[in-house]
Engineer: 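Before we start, here is the structure in question, set down as structure tokens.
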Amino acid sequence: MNRNQRFRQQLQAPVLMHAMSAHNPMAARLAAEAGFDAIWGSGFELSASYAVPDASILSSSAHLDMMRAMAATVDVPVIADIDTGFGNAINVSYMVPQYEAAGVSAVVMEDKTFPKDTSLRAQGRQELVRIQEFQGKLEAACAARRDADFCVIARTEALIAGLGQQEALDRALAYEAAGADAVLIHSKQSSPDEILSFIAAWPGRVPLVLVPTAYPQLRESDIQALGKVGLVIYGNHAIRAAVGAMREVFARIRQDGGIHQVDADLPSVKDIIALQGDAGMRELERRYLK
Ligand code: SPV
Ligand code: MG
């Protein structure tokens with residue numbers, strides 16, 4: 001089975017899949033090494049790694065290039081966060097084959113207007129496009145894929161925009177009807193109640209996808225028990241771990257007046273060399289450098 005087939009099959013299987021965010025190939029490699037089923041090619045993380053807001057500021061080519069680099073580094077499937085699809089349905093038609101050619105196994109596209117604003121910020125601009133317009137974008141994405149196992153995941157921001165459960169259900173069902181392979185339902189409430197209520201009411205056939213950043217108390221075992229969720233995405237934990245670790249180490253070096261204290265607490269240079277794939281390069285040297 002190739003990577004796209006594996007992803008499609010796992011997404012539909014009764015066992016919950018878990019994806020970890022990544023903003024570069026090293027983060028993707030570490031996530032795969034830790035045992036995550038897939039990599040989330042997060043727009044929030046990549047924007048953060050360039051120190052810009054997650055608001056359609058980074059170019060589509062910067063995102064696409066990073067997805068290609070991550071997909072080339074790991075064997076697990078990469079799920080690309082294509083935000084609003086970089087324009088209208090026509091833009092989507094041109095972008096999806098490029099993501100597919102970059103080696104990703106799925107795209108997630110959200111029903112906000114372009115340029116988007118990030119979802120979890122308080123008082124963000126959260127405007128949604130018309131349901132029919134987004135159906136057109138999903139139909140364009142599905143028609144543009146070349147491999148039938150490549151997944152198109154629709155994301156509704158109805159709860160993020162404060163439009164309520166009925167609007168979220170109407171949108172999610174309309175997106176399923178337009179061909180979406182799964183529906184990501186996002187919430188920024190600190191309690192999982194809103195999401196649990198949506199899941200209980202979900203009458204659709206396709207699996208749901210959750211990003212529990214705002215309600216971290218909801219564990220995988222709780223989500224699995226709900227039965228309707230195929231995938232949980234940890235949306236920003238790679239960049240937050242990196243920022244936390246760098247902040248602490250940088251502060252210690254300034255405080256200690258050197259690296260003499262911190263050195264023993266860091267991954268060794270040998271460890272990093274191994275993660276760079278040194279063993280593979282030495283094998284190439286052995287074979288081909290004559
Ligand atoms: C991302 O990781 O870019 C996401 C998830 O889209 S969130 O930031 O929660 O909107
Ligand atoms: Mg995003």
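Order of listing sets the numbers, starting from 1, for every ligand and every atom in it. We use all heavy atoms of the structure for the numbers below, so side chains are in, but hydrogens, waters and symmetry mates are not.
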Engineer: Does His63 have its ring centroid less than 6.0 Å away from the ring centroid of Tyr99?
Structural biologist: yes
Engineer: Is Asp81 close enough that one of its N/O/S atoms sits under 2.8 Å from the Mg ion (ligand 2)?
Structural biologist: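 Asp81 does place an N, O or S atom closer than 2.8 Å to the Mg ion (ligand 2).
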Engineer: Identify the closest protein heavy atom to atom 8 (O) of ligand 1: which residue and atom is it, and at what distance?
Structural biologist: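 Its nearest protein heavy-atom neighbour is Phe44 CB, 3.7 Å.
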Engineer: Classify the side-chain pair Gln165/Ser197 by whether it contains a donor and acceptor separated by less than 3.5 Å.
Structural biologist: yes
Engineer: Less than 6.0 angstrom separating the ring centers of Phe86 and Phe114, yes or no?
Structural biologist: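 No - the distance between ring centres of Phe86 and Phe114 does not fall below the 6.0 Å cut-off.
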Engineer: Quick check: Asp81 and ligand 1, any N/O pair under 3.5 Å apart?
Structural biologist: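 Yes, Asp81 has an N/O under 3.5 Å of an N/O on ligand 1.
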Engineer: Check whether any N or O atom of Trp40, backbone or side chain, sits under 3.5 Å from an N or O atom of ligand 1, and answer yes or no.
Structural biologist: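 So ligand 1 has an N or O lying under 3.5 Å from an N or O of Trp40.
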Engineer: Does a side chain donor of either Arg155 or Ser119 reach within less than 3.5 Å of an acceptor in the other side chain?
Structural biologist: yes
Engineer: List every atom of ligand 1 that sits less than 4.0 Å from any heavy atom of Ser119, numbering the atoms from 1 in the order shown and giving each element.
Structural biologist: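 Reading through ligand 1 atom by atom, the close ones are 10 (O).
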Engineer: Can Tyr215 and Asp193 be counted as having a side-chain donor-acceptor contact under 3.5 angstrom?
Structural biologist: no
Engineer: For ligand 1, find out whether one of its N or O atoms is nearer than 3.5 Å to an N or O atom of Leu120.
Structural biologist: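 There is no such contact.
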Engineer: Got an N/O contact under 3.5 Å between Ser42 and ligand 1?
Structural biologist: yes
Engineer: Checking side chain to side chain donor-acceptor pair (under 3.5 Å) for the pair Glu194/Ser187: CA distance, chi angles, key distance, verdict?
Structural biologist: CA-CA 7 Å; Glu194 181 178 63; Ser187 166; 2.6 Å; yes
Engineer: Hey, what's the ring geometry for Tyr234 with His237, parallel, tilted or perpendicular (30° and 60° as the breaks)?
Structural biologist: perpendicular
Engineer: Which heavy atom of the protein is the closest neighbour of atom 7 (S) of ligand 1, given with residue, atom name and distance?
Structural biologist: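 Going by distance alone, atom 7 (S) of ligand 1 is nearest to His186 NE2, 3.5 Å.
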Engineer: For Gly43, take its heavy atoms, then give the atoms of ligand 1 lying under 4.0 Å from any of them.
Structural biologist: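 Those of ligand 1 that fall under 4.0 Å from Gly43 are 3 (O).
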Engineer: What is the nearest protein non-hydrogen atom to atom 6 (O) of ligand 1, stated with its residue, atom name and distance?
Structural biologist: Arg155 NH1, 2.6 Å
